[in-house]
S.K.: 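Sending over a structure as structure tokens; questions will come in a sec.
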There are 2 protein chains.
Amino acid sequence: MPSTPTRRAPFEKSARTRARILDAAAAVFSDLGYAGTRLTDIAEAAGVKQGSLYYHFSSKDELVAEMLRVGLQKTYDHVATAIEALGPDATAADRVTAAITAHAEAVIDQLDYTAANARIVGQLPDEIRRQHLRIDQRPYGKLWDTLFEEALKAGEIRDDVDLQTVRLLILGALNWTVEWPERAKRSPSHVAAVLSSLLFDGIGSSS
Amino acid sequence: MPSTPTRRAPFEKSARTRARILDAAAAVFSDLGYAGTRLTDIAEAAGVKQGSLYYHFSSKDELVAEMLRVGLQKTYDHVATAIEALGPDATAADRVTAAITAHAEAVIDQLDYTAANARIVGQLPDEIRRQHLRIDQRPYGKLWDTLFEEALKAGEIRDDVDLQTVRLLILGALNWTVEWPERAKRSPSHVAAVLSSLLFDGIGSSS
DNA sequence: GTCTATACATCGATAGAC
DNA sequence: GTCTATCGATGTATAGAC
């Protein structure tokens, strides 16, 4: 008996719903914080019912962990793409500036995921935070370290500064923009321009 | 019948317990976030039972609002004191540097209150956050604006930069230190030195 | 795969004894 | 002023129909 040719299964329906849930989670977590977010809120934003989330994720913690992982990947891609777009003959300083601009774009108005990452790391249950910092954030930190090392090798920045601290201060300043009061908000390119100028030249009048 | 002379009522017992509760709230909110903190946690840290909190505060929201207000006042005092300690003949740039150092001290290892403020503003219910930004944070922002304006008038910084954005970037970079991974932590004075040098001189090799 | 319905735990808030 | 006890609301997670 010939088997009825099974119609091409819609592999992707599940994947698409899953992606919609992650998008919704990024937006809602970013707004309400980790503990403040109810699964009902995420479900509503994703257009499904709360119980249905459990088909895709086994718990709130698994959902948040996945959202953070995916989000950091998106941020990484956005920044890496911006750097590559400069072409091979850009200066190291140009590359750092491009990275700053791209991260600012991601945090400020492009990616709920990046804002969510910035906003809820401090609120996560210990185990999830540890894993996120250890596993997910490493490559992104490495990307930035490489940028600074190249600038150093190229002689474009001074060799007497603690570059790891500089990197953390720069990314912190950008991540914190999510907390700026509405009236102080500026465009990513403006913020990036101010920060880059501050980073390389300072605002002292004598320099 | 002569009334037994009532012993001097211990006015201050209530005030002391209240202060202990606020201290405990700062520590716990800073650690677990706004929604993640249970009144039981605060009570335990303060050495009282959960129900007893309601003698001093009428709700969780009133408690958190008061903790934020008191905390910002402490931060303000710490920074203002550091500036005044410089004496009248310090340069405007010295005063900015002193403020950066003092804020770093407050955030990093001195005041749970400051860390709590930095960490949970983004998680507050709308009404509380609005009031905190509008009423509590204004004087502190003004203190910083004044510092930068003085530096500008004194000709110690360039006049072509958006100083409000600079101020927000600086404070953001410092506030974000609460999220730094343990291994990256540095002393307040080191962080402040790096940030001040970056702010005034930049790290470019050509300057 | 998504739904409805509900079990079960947790937490903010109140009541009332001491 | 602080306690114990408890109510009521809310939220995660599970069960089972479709």
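Below, each value reflects all heavy atoms present in this structure, side chains not excepted, and no hydrogens, waters or symmetry copies. Order of the sequence lines sets the chain letters (A, B, ...), proteins ahead of strands, with each chain counted from 1.
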S.K.: Taking atom P of C:dT4 as reference, at what distance in whole Å does atom CG of A:L53 sit?
M.R.: 13 Å

S.K.: Ignoring hydrogens and geometry, is there a side-chain-to-backbone donor-acceptor pair from A:K74 to A:A106 under 3.5 Å?
M.R.: no

S.K.: Quick test of your reading: applying ring pair (Phe, Tyr, Trp, His ring centres under 6.0 Å), list the pairs with at least one residue in residues 80-119 of chain A, sequence neighbours left out, ordered by first then second residue.
M.R.: A:H103-A:Y140

S.K.: Not counting sequence neighbours, list each pair that qualifies as a ring pair (Phe, Tyr, Trp, His ring centres under 6.0 Å) and has a residue in residues 62-85 of chain B.
M.R.: none

S.K.: Separation of B:Y55 atom OH from D:dT4 atom P, in whole Å?
M.R.: 18 Å

S.K.: I'd like to check the side chain to side chain contact (heavy atoms under 4.5 Å, CB included) partners of A:D162; sequence neighbours left out, ordered by chain and number.
M.R.: A:Q164, A:T165, B:R186, B:H190, B:V194

S.K.: Taking only residues two or more places apart in sequence or in another chain, which ones pass side chain to side chain contact (heavy atoms under 4.5 Å, CB included) with B:L86?
M.R.: B:A90, B:D94, B:R95, B:A98

S.K.: I'd like to check the side-chain hydrogen bond (donor to acceptor under 3.5 Å, both in side chains) partners of A:S187; sequence neighbours left out, ordered by chain and number.
M.R.: A:S189

S.K.: Can you find a side chain N or O atom of A:S14 that sits less than 4.0 Å from OP1 or OP2 on C:dG1?
M.R.: yes

S.K.: So which pairs with a foot in residues 19-51 of chain A pass ring pair (Phe, Tyr, Trp, His ring centres under 6.0 Å), sequence neighbours left out?
M.R.: none

S.K.: Compute the bend angle of the helix from C:dG1-D:dC18 to C:dC18-D:dG1 from the end axes (five pairs per end), rounded to 10°.
M.R.: 0°

S.K.: Please report, rounded to the nearest Å, how far the C1' atom of D:dT10 is from the CG atom of A:D41.
M.R.: 12 Å

S.K.: Checking B:E62 now: which residues fulfil side-chain hydrogen bond (donor to acceptor under 3.5 Å, both in side chains) with it, not counting sequence neighbours?
M.R.: B:S58

S.K.: Quickly work out the A:R16 CZ to C:dT2 P distance and round it to whole Å.
M.R.: 10 Å

S.K.: Measure NZ/B:K49 against P/D:dT2 and give the value in whole Å, please.
M.R.: 13 Å

S.K.: If only side-chain N and O atoms of B:S52 are considered, is one of them under 4.0 Å from the OP1 or OP2 phosphate oxygen of D:dC3?
M.R.: yes

S.K.: Take nucleotides 12-18 of chain D nucleotide by nucleotide from the 5' end and write B, S or -, depending on whether a protein heavy atom sits under 4.0 Å from the base, only from the sugar-phosphate, or from neither.
M.R.: BBB----

